[in-house]
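Bear in mind the structure is a predicted one, so any value in this text is a computation, not a measurement. Scope of the values below: all heavy atoms of this structure, side chains included, with no hydrogens, waters or symmetry mates.
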Amino acid sequence: MDKDRSQIFKIITASVLGTAGSTLLAFSVSLYLLARFGVGQFVLSQALSASTAIITLTIGGFLVDRVDKKLLMQLLQLLSVGALIIGWIWSTSIIALYIMIFLLRAADGIFSNNNIAAAIGQVEGDHIGPLRGYEQTGTSIVAVVTPMLAAVIYPLTSIRGVIGIEIVCELLVLVVMSTVDFHRYHVESAVDDEQSTSFGDSFRSGWQYIFNRRVLRIILLSGLMVNLAGGIGEGITAPFLLKTLYMSTGTYGVAEGMMSVGTILGGLVAVRLMRAEQNMIKSLFLWIVVDGVALIAWSLTAFISWLPVAWILAIVFGATTGLALSALNIPLVSWLSATVEPGMQGRVFSTFIGVAQLVMAAGGFIATAAVHVLPLWLLLAIDGAIGVAVYAVGQLLGVANTPEAKVVPQQQNG
């Protein structure tokens, strides 16, 4: 247990460092793109970054299942640093910034997949849930503070200065994660996948594994619609707050930070629900509808004439969406980490992450076109309506009664 505590501490420390840098960068790049290139280019940048899913969906899973996870983590961190250097050198070029965003998102997508799949070898199965819950809580606390700091730091420096800070954070993550034992536990896979030596066979076997299991099909299909809404929302949230609710840079920074309070609470709620052994599928659909209703309510703040009240309510509803998504994702990822066969985790997670990103990209491109013909509040309301519809269909189909998979047994090495 003591060694697991050390492992968990290192993983959470790396996540906190990574979140601090990436949140500062995302906040600053959002303001930079909006101010220099306009809403259309900003929304397009969100859609293009999400389109990196094609990499995660195809080669990502193959790499995670075939390459040593510690070595892959190190290579991905170096790729991120290289992408940031490109953005630092050519910071005034929209093309260079697009390249930086694309490479960062591609590396982050595979890194996330690798990080999830590595957990079964890093800590005991019963500790995966608390690891993810406390990791989410720690990163969310950082995400509360960082936008507020960014609102102060960004005006005092340039976009190159912010990129430089992110380079330092990525290098620190590399150092910390290199001290983590990725092979503390060994798990025998019940799936004989040795025949899937080629990329094509490996890719097909991952899809077959998912579609042969009803619970995984439900997660994948419900995720399609939820992430379509997420793609629309990701592209319009900042413009909605800045253009529709007329928030200043400082107020926007406070709003972004306070919205992360919801994800902190969501992490704590997730740990509590996992200890109570709640039905994962039932919980999944419950939080989907909570997120949908909160988004609809958030959109209606556009009709409040007194801006301070609109800002407060927008922050409350935004925090609620953060809580819902956090309470949804943490138990789901922990459950998948403990139940999916280790030899298939890379492909299963890459499929979920890749499909989610592709659908989010589609939502982003839809938002890119829609912002020119529809008001932002209506797009946000449509966003929420999709989540409510997914919940309604799930109830009609009785998916909450779907039986869950068994946890894969572990053996400690050494």
Kindly indicate, with the supporting measurements, whether the criterion side chain to side chain donor-acceptor pair (under 3.5 Å) is fulfilled by Glu166 and Ser22.
CA-CA 7 Å; Glu166 169 66 342; Ser22 61; 5.2 Å; no
Any sub-3.5 Å donor-acceptor pair from Trp90's side-chain atoms to Leu97's backbone N or O?
no
Least distance between heavy atoms, Ala314 atom then Thr301 atom:
N-CG2, 3.9 Å
Rounded to the nearest 0.5 Å, what separation is found between the CE atom of Met73 and the CD1 atom of Ile110?
14.0 Å
Side chain to side chain, Trp298 and Leu313, heavy atoms closer than 4.5 Å
no
Output the distance between atom CD1 (Ile236) and atom CG (Asp383), rounded to the nearest 0.5 Å.
5.5 Å
Do you know which two heavy atoms are closest between Ala381 and Ile296, and how far apart they sit?
O-CG1, 3.7 Å
Quick one: side chains of residues 315-324, donor-acceptor pairs under 3.5 Å with protein atoms, not counting sequence neighbours, listed by atom name and distance.
{"from": "Thr320", "atom 1": "OG1", "to": "Val316", "atom 2": "O", "distance (Å)": "2.9"}
{"from": "Thr321", "atom 1": "OG1", "to": "Gly318", "atom 2": "O", "distance (Å)": "2.6"}

One should read off an interatomic distance between Leu104 CG and Leu79 CG, to the nearest 0.5 angstrom, of 8.0 Å
Value for CG (Asp291) from CG (Leu286), rounded to nearest 0.5 Å, stands at 11.5 Å
Closest approach of Leu103 and Ala83, non-hydrogen atoms and distance?
CB-CB, 3.5 Å
Looking at Thr179, is its backbone amide N or carbonyl O close enough to the side chain of Lys10 to form a donor-acceptor pair, meaning the two atoms are under 3.5 Å apart?
yes
Contact between Ile159 and Ser28 at the side-chain level, heavy atoms closer than 4.5 Å - yes or no?
yes
Using the side-chain contact (heavy atoms from CB on, under 4.5 Å) definition, which of the options Ile85, Asp108, Leu75 pairs with Ser80?
Asp108
Given side chains that start at C-beta, do those of Thr13 and Val173 come closer than 4.5 Å, heavy atoms only?
no
When you compare the side chain of Leu228 with that of Ile366, does any pair of heavy atoms fall below 4.5 Å?
yes
Decide yes or no on side-chain contact (heavy atoms from CB on, under 4.5 Å) for Ile163 and Met100, but give the supporting numbers first.
CA-CA 10 Å; Ile163 293 174; Met100 180 189 75; 3.9 Å; yes
Spatial distance of atom CZ (Phe240) from atom CG (Leu379) [nearest 0.5 Å]
10.5 Å
Closest non-hydrogen contact found for Ile86 with Ala96 is CG2-O, 4.2 Å
Is Cys169 close to Leu172 at the side-chain level, that is, under 4.5 Å between some pair of heavy atoms?
no
Give a yes or no on whether the backbone of Glu170 and the side-chain of Gln77 come within a donor-acceptor separation of less than 3.5 Å.
yes
Heavy-atom pair with the smallest gap, counting every atom of Ile232 and Gly363
CG1-O, 3.5 Å
Hey, could you give me the NZ/CG distance between Lys243 and Leu376, rounded to the nearest 0.5 Å?
10.0 Å
Hey, are the side chains of Leu71 and Gln74 touching, using non-hydrogen atoms and a 4.5 Å cut-off?
yes
